[in-house]
Amino acid sequence: MRLSLRLLLLLGAWAIAGGFRDRAPLTATAPQLDDEEKYSAHMPAHLRCDSCRAVVYQMWQHLAKAEAKLHTPGSGGQRRELSESVYTDVLDQSCTQTWQGYGVREVNQVKRLTGPGLSKGPEPSISVMITGGPWPTRLSTTCLHYLGEFGEDQIYEAHQQGRGALEALLCGGPQGACSEEATVTRTEL
């Protein structure tokens, strides 16, 4: 990890002035990944709900951005629908992007997928996130799986009803990644 010279000087000056005396030292360690998390081509079961929510967020963002381009200043704020060819392309682009902002970190001894659209609950004051590696490919594969399972038409219809409807379609239901039956605890694995 590289810190800028300014930050090091600032931290050094703070430490000299006694800034660390009143606080416990901050420590963070990288999550210890098991073999499935390191080497499997598939998203580990305990991270599937997080990955589904990441896919929903990215699909939602890409579709909303494309819809915003359709609005003109004289349209009176009326919502215009994307054509089938446009939303098909947009959804494909949302799945084939780089997924670089996502990774895994451990919070309270629980490994979680983190990145845009996944912030839930209190954030730790300091943590280490492992990005790159298999995570972008796994997220892209998960996204493409949902496109194949539900189809672009059904996904776009859910998007038009709101982000909650899109999340319910992809992640909810009895067999969904975020259902009670699908959330397997680590002790059961």
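Below, each value reflects all heavy atoms present in this structure, side chains not excepted, and no hydrogens, waters or symmetry copies.
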Just do the side chain to side chain contact (heavy atoms under 4.5 Å, CB included) check on Arg138 and Leu47 with the steps written out, would you?
-> CA-CA 11 Å; Arg138 289 174 181 165; Leu47 297 172; 5.9 Å; no
Would you say Ser51's side chain and Arg48's backbone share a donor-acceptor pair under 3.5 angstrom?
-> yes
Kindly give the heavy-atom pair with the smallest separation between Gln58 and Gln97, and that separation in Å.
-> OE1-NE2, 3.1 Å
Nearest heavy-atom pair of Val56 and Glu167: which atoms, and what distance?
-> CG2-CA, 3.8 Å
Could you state the interatomic distance from CG (Leu70) to CG (Leu82), rounded to the nearest 0.5 Å?
-> 5.0 Å
Which atom pair, heavy atoms only, marks the closest approach of Leu118 to Leu113?
-> CD1-O, 3.5 Å
Say whether, by atom type as modelled, one donor and one acceptor occur between the side chain of Ser140 and the main chain of Thr137 under 3.5 angstrom.
-> no
Just how far is it from atom OG1 of Thr141 to atom CH2 of Trp99, taken to the nearest 0.5 Å?
-> 10.5 Å
Which value, rounded to the nearest 0.5 Å, describes the distance between Thr114 atom OG1 and Asp50 atom CG?
-> 8.5 Å
Hey, which of Thr96, Val86, Leu144, Leu63 is the one that makes side-chain contact (heavy atoms from CB on, under 4.5 Å) with Leu91?
-> Leu63
Taking the side chain as every heavy atom from C-beta outward, state whether Cys52 and Tyr146 have any atom pair closer than 4.5 Å.
-> yes
For residues Arg163 and Trp60, report the shortest heavy-atom separation together with the two atoms involved.
-> N-CZ3, 3.3 Å
Residue pair Met43, Leu139: steps toward the side chain to side chain contact (heavy atoms under 4.5 Å, CB included) verdict | CA-CA 8 Å; Met43 186 64 70; Leu139 285 163; 4.0 Å; yes
Determine if the SG-SG distance between Cys171 and Cys178 falls under 2.5 Å.
-> no
Interatomic spacing from CZ in Arg53 to CG in Leu166 - rounded to 0.5 Å | 12.5 Å
Looking only at non-hydrogen atoms, find the nearest pair between Lys111 and His46 and report the distance.
-> O-CD2, 4.5 Å
Minimum heavy-atom separation for Tyr102 to Pro116, with atom names?
-> OH-O, 2.6 Å
Using a distance-only test with no angle check, is there a side-chain donor-acceptor pair under 3.5 angstrom linking Gln160 and Tyr87?
-> no
Separation between CG of Leu169 and CD1 of Ile155, rounded to the nearest 0.5 Å | 6.5 Å
Value rounded to 0.5 Å, distance of NE2 in His159 from CD in Gln61 = 10.0 Å
Do Asp92 and Glu152 touch side chain to side chain, with heavy atoms closer than 4.5 Å?
-> no
